[in-house]
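A short write-up of the structure that comes next.
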Amino acid sequence: MLDVRSVAGQVFVLQLALAVLLVVAAVLALVFQAQDATVREARQRSIVGAETFAHAPGTLTAMKSAHPTALLQPQAESARKHSGLGLNTVTPVVDTGHHVVGRVSAGIRPAKADERIAGQLPLLLGSAAGALLLAVAGTALVNRRLRRQTHGLDPAAMYRMYDHHHAVLHAVREGVLIVSSDGRLLLANDEARRLLELPADAEENRRPIADLGLEPRLSALLTSGREATDEVHLSGDRLLAVNVRPTAPYGGPAGSAVTLRDTTELRALTGRAAVAQERLRLIHDAGLRIGTTLDVGRTAAELADVAVPRFADVVTVELLEPVLRGDEPESGTTADLRRMAVRGVPQESAIYQVGDVIRFVPGTPMAASLESRRPVLVDDLRRSDTWRRQDLEGTQRVLDARIRSLIAVPLQARGVVLGLANFWRSDHADDFEEEDLSFAEELTARAAISIDNARRYTREHTTAVTLQRSLLPQTLPEQSALEVAHRYLPAQAGVGGDWFDVIPLPGARVALVVGDVVGHGLHAAATMGRLRTAVHNFSALDLPPDELLSHLDELVSHIDTDEARAASREAGGRGEGVEETVRPGTGSDTDRARPDAGRTGITGATCLYAIYEPVAGRVTLARAGHPGPAVVHPDGAVTFPEVPVSPPLGLGGSVPVETAELTLPQGSRLVLYTNGLVEDRDRDIGTGLDQLRTVLATGADRTPEQTCAAVLDAMLSEHPSDDIALLVARTHLLGPSRVAEWEVSSDPAAVAPVRAACLRTLESWGLEALEFTTELILSELITNAIRYGAQPIRVRLLHDRALICEVSDGTSASPHLRRAATTDEGGRGLFLVAQFAQRWGTRYTPGGKVIWTEQSLDEGRPGRGPDAADDVLDQWDDVPAL
């Protein structure tokens, strides 16, 4: 109340100032009035006193005496003291003759007037205090009334409220209405008048809302008194968002406060923004969902899946035939396309189903799109005669399905047309418009890139598969020691470098090989071919497994070194550095990834090499960084024999390769595999080996083919990340009835008895047709062993798919085939052996060597028999006696 900034405070200060002024004026008036009265009274009293003294007896006499002062002074002083008067009033003293004899002067004291004022001040000040109290009380009443009427607002707030009220009424672009509880309009701002087209006197006359000519639903809402939030109502050609709130909760009279917003343009903009936002999301989703695989058909189907129903009701996708093969397509309106996807309708109701070959008729929207390489819009298919040229009956079925609009967009990447995407809309959706063309083109462009990547991958994959299939064994060689089945499965990421091999060796033996090369693709396949060729070459030398892997490791090291030098020279020419190869420690493709992707070295390849000898049923194994084999015994027991592991090929250095020997009974199964079978992203190698053991143990009587199928069915993951090579070999023994062996002394006379025993053995085997050539071969080999070799000397005959003759001795010196001169007395025996034998060679053993020959069991083979022998012997005149 005392705040001078408030109205009540200002009134109080004004009243206080008035009260003070009135008090001051009253005091001044009292002072002047008292002074005037005192002067008049003193004058009257002084006149009376002066006249009384002048007319007093003796005054005239004293004045006429000789000494008037002496007579009158004491009396005058006594009178002054007793009356308190001063001699301020002069009265003449006259005699009887009216002559002035003297003068009498009388006056008043000023203290007399002050005392009179002091007596009246309490009454004056009390009256002023009462007036001040009345002013305070009046101010309090005014303040209370004002605060109640202004809701406690100060003047500044009232000014702001007035400004806001003025802005609401005239400036804001949102309509405001105040409606009374009985449905009358109390207030409407300018925007509300404009939006509702109210008459000018609607507010002044407090007209009922029902009489304002509003839409019935809107009028009912304004007079209902219920709350509403952004309810959309029609007012003329406008869509208004209406909000209604009661006014009573805020201390005002019962009624409603209404706000109105024109959302006509906003809804149109919002609709366009929503469409744009949805299309951005669709483009984003297309980037995530299209191209998840490197399969052209699957990628085409993903495009259709993304577009239905968010952009079109029906989508069909066709690709040019060369794209499916991975070839570069040649675009043209007469090119054959194959339908790859139909979405939005059942396939049986489509004109063409998935897999059908289509050739679009020239002039149709599809043909025009392929020819122009631009999207083509048909906003109303019912009015398009060119579209119906393709198939009158089929297009009529489309129209009967209420399909009304079409956009045909060519799928093109890197300037090459790959196919066509067709977007269709039915009559329950908006027809396609020109602005939809750019979006359809962008959507298909993203899909086209993925399809082209898949096409190129298909081409490379096909090339790699073709290369690898040509490098892998096409058929397994004939041999009787092992019954072999095999499987090769490329990884989902592409062809890799896994390989297997079955290599027949002299002496009815068989070599089994399984290997793995780092990486995938053409380079891995080519590297695999190089290693497989090297293994074949080393196997031809009949090396034991440990020596073969040592030579293979040295070969890989040389290859890596040469390629590293070549890469270094190339990088040096460009001024670049060369990263060193990261040497792997395991056989896993994923673990052996290297950062120097530009290198073509093969460091990290692994290999398992085993030789099976069917006479004794013995297997000799060696491995370089490769998983060990599994053995399934005839009783079903599964073991993983311990085979010493050497570093991967190219990393062995000076580390010697160790071997392991196993003796397997008849009917055992030897299982060789690459790490892709037992190890992947979701399974460690320990778990994989346990699963393999379980699968192998459940079928003891399975054939190798059945074993391969069972293993892959149980262990193959849905999306293999690495190649898988699997080799299953069931062992067979060469029975004692098919093996003959003799010890030979160092005496030349021992040749004839051994030769005779061999001939008897051939007769028992039914090989009489081979007696002559066998006698010739054995005579030469035994004679050479006696002459140049050392004990022990042994002869062994094996009756297998061929007749095998083996002569072993205790020296490592090997004979060499040469053509003897006409003057030489010897040197022709080994040449004759080579002529009569189908194959021959030398195999080194820890105790010496074995010279072996193989002769075909085919009796009708040309170039064999005595006649052929005579033809050969006729070439020399000095054939030594045998």
Side-chain angles (χ1 to χ4, degrees), residues 282-283 285-307 311-312 315-343 352 354-378 386 390 406-424 436-467 493-495 521-522:
L282 182 55
I283 290 296
D285 292 345
L288 297 178
R289 296 173 55 186
I290 298 177
T292 59
T293 64
L294 291 173
D295 180 82
V296 290
R298 178 57 187 164
T299 305
E302 289 170 345
L303 168 60
D305 291 335
V306 168
F311 179 65
V315 174
T316 59
V317 181
E318 295 85 32
L319 297 179
L320 292 167
E321 285 284 355
V323 175
L324 305 180
R325 302 189 298 269
D327 298 334
E328 192 85 9
E330 294 181 3
S331 60
T333 57
T334 59
D336 291 338
L337 294 95
R338 186 176 297 274
R339 175 152 289 181
M340 304 304 298
V342 176
R343 294 294 185 273
Y352 301 101
V354 174
D356 290 349
V357 176
I358 309 171
R359 177 171 291 183
F360 290 110
V361 175
T364 59
M366 293 78 167
S369 178
L370 290 173
E371 183 177 8
S372 64
R373 299 189 176 188
R374 299 292 300 169
V376 174
L377 168 65
V378 181
T386 57
Q390 185 70 29
L406 163 69
I407 291 180
V409 186
L411 290 162
Q412 52 185 338
R414 301 183 300 108
V416 177
V417 175
L418 307 174
L420 190 69
N422 303 298
F423 303 94
W424 314 76
D436 294 318
L437 290 176
S438 59
F439 175 77
E441 195 170 14
E442 182 176 0
L443 182 62
T444 53
R446 290 175 177 265
I449 293 174
S450 298
I451 291 175
D452 187 58
N453 290 337
R455 178 194 64 81
R456 298 170 69 182
Y457 169 78
T458 300
R459 181 183 60 192
E460 294 180 1
H461 181 73
T462 302
T463 303
V465 168
T466 303
L467 174 62
V495 173
L522 289 174

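Note that these values count all heavy atoms, side chains included, but never hydrogens, waters or copies made by symmetry.
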What's the spacing between [X] [atom1] and [Y] [atom2] if we round to 0.5 Å?
X	Y	atom1	atom2	value
Glu302	Leu288	CD	CG	11.0 Å
Leu320	Ile358	CG	CD1	11.0 Å
Leu282	Glu442	CG	CD	9.5 Å
Leu294	Ile451	CG	CD1	12.5 Å

What are the two closest heavy atoms between [X] and [Y], and how far apart are they?
X	Y	value
Pro322	Pro329	CB-CA, 4.0 Å
Val296	Leu319	O-CD1, 4.0 Å
Val323	Leu418	CG2-O, 3.5 Å
Pro365	Ala408	O-CB, 4.2 Å
Thr293	Arg298	OG1-CG, 3.3 Å
Gly363	Thr386	O-CB, 3.5 Å

Decide yes or no for [X] and [Y]: does some side-chain heavy atom of the first lie under 4.5 Å from some side-chain heavy atom of the second?
X	Y	value
Val342	Tyr352	no
Phe360	Glu318	yes
Leu370	Leu337	yes
Leu443	Val409	no

With no hydrogens and no angle check, is any side-chain donor or acceptor of [X] less than 3.5 Å from a backbone partner on [Y]?
X	Y	result
Arg343	Ala304	no
Gln390	Val361	yes
Gln412	Arg373	yes
Asp452	Ala448	no
Thr444	Ala440	yes
Ser369	Arg374	yes

Determine, step by step, whether Leu303 and Leu411 satisfy the side-chain contact (heavy atoms from CB on, under 4.5 Å) criterion, reporting the C-alpha distance in whole Å, the side-chain angles of both residues, the deciding distance to 0.1 Å, and the verdict. CA-CA 11 Å; Leu303 168 60; Leu411 290 162; 4.0 Å; yes
Give the C-alpha distance, both sets of side-chain angles, the deciding distance and a yes or no for salt bridge (Lys or Arg N to Asp or Glu O under 4.0 Å) between Arg289 and Asp305. CA-CA 9 Å; Arg289 296 173 55 186; Asp305 291 335; 5.5 Å; no
Show your reasoning for whether side-chain contact (heavy atoms from CB on, under 4.5 Å) applies to Arg446 and Ile290. CA-CA 8 Å; Arg446 290 175 177 265; Ile290 298 177; 5.6 Å; no
Taking 4.0 angstrom as the limit, do Arg338 and Glu321 come out as a salt bridge?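 Result for this pair is yes, salt bridge flagged.
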Step by step, work out the side-chain contact (heavy atoms from CB on, under 4.5 Å) result for Phe423 and Asp436. CA-CA 10 Å; Phe423 303 94; Asp436 294 318; over 6 Å; no
